[in-house]
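The structure appears right after this line, and notes come after that.
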Amino acid sequence: MDDTDDSDRRHELTQLIRAWQEGDLGAREMFVAAVYARVRAIAAQSIRHQNGATLTPTELAHESLIRLLDANADWADRRHFFHVIAQATRQVLVDHARRRLAEKRGSGADITSLDNIDSLLPGNADVQLIRVNDALESLAASDVRRAQIIEMTYFGGFSREEIALAQDISVGTVDRDLRFARAWLKDELSA
């Protein structure tokens, strides 16, 4: 696909969002069909970074889309939508991890035996995901852009170029922000 086709595609998706916002449910269906492959790719990328994830990319994509489709379509354009889908994907993973941890800790059902205590230790993937989520929320409180860049990279599977375009910054700034945010997260998670 050349640059013209890509630009036309981006424009088409933005037009579908606007038509949907104006109440055209047909535009909503066309938009979902047009973005589904990318949403599934975002879900697959997110799962790739999660050790022990029990959701499939399809399940994660569907849950993320359902959350967004039930909300108002107040996205400015396709870039904004894909940033929001990265956030939704992260939240689905975190919610799923919290549910699994609650089940492991005996949310009213079975008592965890000592044989399964390893699953409750800090090295557990669910615990790590929740800690990363909490650290990202802490980073967002002081530096929203850097938190979004981490989120778009690891939960959205965006390239550095796509992030630069979405954030309206240079690729060099993306690289610097990624280095800073990774170091900040490493310090925060090791505390």
Side-chain angles (χ1 to χ4, degrees), residues 1-3 5-7 9-14 16-17 31-69 71 73 75-98 100 125-126 128-137 139-140 143-186 188-189:
M1 181 182 292
D2 66 24
D3 290 341
D5 290 341
D6 191 38
S7 176
R9 180 83 172 140
R10 281 184 260 171
H11 181 71
E12 175 190 346
L13 292 176
T14 299
L16 286 171
I17 289 171
F31 178 78
V32 170
V35 300
Y36 181 77
R38 176 62 195 254
V39 170
R40 192 176 180 295
I42 287 170
Q45 176 73 17
S46 291
I47 287 175
R48 229 183 328 269
H49 289 288
Q50 305 306 315
N51 293 331
T54 58
L55 290 172
T56 67
T58 300
E59 291 168 332
L60 181 55
H62 287 186
E63 180 67 26
S64 299
L65 275 172
I66 287 169
R67 288 183 184 201
L68 290 182
L69 296 177
W75 312 299
D77 55 25
R78 66 168 285 286
R79 283 183 275 169
H80 185 218
F81 169 80
F82 284 119
H83 177 252
V84 172
I85 199 73
Q87 289 176 324
T89 299
R90 174 177 143 218
Q91 198 55 55
V92 169
L93 287 169
V94 169
D95 290 349
H96 189 70
R98 285 187 174 133
R100 284 197 321 251
D126 291 335
Q128 289 174 349
L129 176 61
I130 291 168
R131 289 185 66 219
V132 167
N133 181 67
D134 293 346
L136 274 175
E137 287 177 0
L139 177 59
D143 195 329
V144 172
R145 186 180 75 199
R146 286 179 172 159
Q148 288 175 343
I149 288 172
I150 288 288
E151 185 173 63
M152 293 173 81
T153 300
Y154 293 103
F155 292 94
F158 287 80
S159 69
R160 293 170 21 259
E161 292 77 13
E162 290 171 321
I163 294 168
L165 185 63
Q167 295 286 329
D168 197 27
I169 57 178
S170 71
V171 173
T173 299
V174 171
D175 289 340
R176 282 188 297 281
D177 283 357
L178 270 173
R179 279 192 305 275
F180 173 86
R182 285 177 184 143
W184 187 93
L185 283 172
K186 183 178 178 182
E188 185 76 8
L189 294 171

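The structure displayed is predicted, hence computed values, not measured ones. All values below come from the heavy atoms of this structure, side chains included, with hydrogens, waters and symmetry mates left out.
Under the 6.0 Å distance and 45° angle rule, Arg38 counts as a cation-pi partner of Phe158.
Here the options are Gln87, Glu63, His62, the test is side-chain contact (heavy atoms from CB on, under 4.5 Å), and the partner is Val92; only Glu63 passes.
Considering all non-hydrogen atoms of both residues, Ala43 and Pro57 come closest at CB-O, 3.3 Å. Across all their heavy atoms, Leu139 and Arg146 have their closest contact at CD2-C, 4.1 Å. Closest of all the heavy-atom pairs between Gly157 and Glu162 is O-OE1, 4.3 Å. A pairwise comparison of heavy atoms in Phe82 and Val39 identifies CE2-CG2, 4.5 Å as the closest pair. For Gly156 against Ser46, the heavy-atom pair with the smallest separation is N-OG, 4.2 Å. Looking at every heavy atom in both residues, Leu129 comes nearest to Leu93 through CD2-O, 3.3 Å.
Between Phe81 and Phe31, the two ring planes are perpendicular [angle over 60°; tilted spans 30° to 60°].
Using modelled atom types, one side-chain atom of Thr89 and one backbone atom of Ile85 make a donor-acceptor pair closer than 3.5 Å. In this structure a side-chain-to-backbone donor-acceptor pair under 3.5 Å is present from Glu59 to Thr56. Distance alone, capped at 3.5 Å, places no donor-acceptor pair between the Gln167 side chain and the Ala164 backbone.
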Test log, rule side-chain contact (heavy atoms from CB on, under 4.5 Å), inputs Trp75 and Leu68
CA-CA 10 Å; Trp75 312 299; Leu68 290 182; 4.0 Å; yes
Assess whether side-chain contact (heavy atoms from CB on, under 4.5 Å) is satisfied between Arg160 and Thr153, documenting all intermediate values.
CA-CA 8 Å; Arg160 293 170 21 259; Thr153 300; over 6 Å; no
Passes side-chain contact (heavy atoms from CB on, under 4.5 Å), Arg90 versus Leu136? Steps please.
CA-CA 11 Å; Arg90 174 177 143 218; Leu136 274 175; 3.8 Å; yes
Going through the checks in order, is the salt bridge (charged side-chain N to carboxylate O under 4.0 Å, His left out) test met by Asp134 and Arg98?
CA-CA 12 Å; Asp134 293 346; Arg98 285 187 174 133; 3.6 Å; yes
Show your reasoning for whether side-chain contact (heavy atoms from CB on, under 4.5 Å) applies to Asp143 and Asp177.
CA-CA 10 Å; Asp143 195 329; Asp177 283 357; 5.8 Å; no
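For Arg67 and Ser64, the side-chain atoms include no donor-acceptor pair closer than 3.5 Å.
The CE atom of Met152 sits 9.0 Å away from the OG atom of Ser159 when rounded to the nearest 0.5 Å. How far CG of Leu60 is from CD1 of Ile47: 4.5 Å, rounded to the nearest 0.5 Å. Asp168 contributes atom CG, which lies 14.0 Å from atom CD1 of Ile163 (distance to the nearest 0.5 angstrom). Put simply, CD on Gln91 and CD on Glu151 are 9.0 Å apart, with the number rounded to the nearest 0.5 Å. Note: Ile42 CD1 to Arg40 CZ = 12.5 Å, rounded to the nearest 0.5 Å.
Not less than 6.0 angstrom separates the ring centroid of Phe155 from the ring centroid of His83.
Shown here are the side-chain contact (heavy atoms from CB on, under 4.5 Å) partners of Tyr154, two or more places apart in sequence or in another chain: His49, Ile150, Arg182.
Taking 4.0 Å as the cut-off between side-chain N and carboxylate O, Arg131 and Glu137 do not count as a salt-bridged pair.
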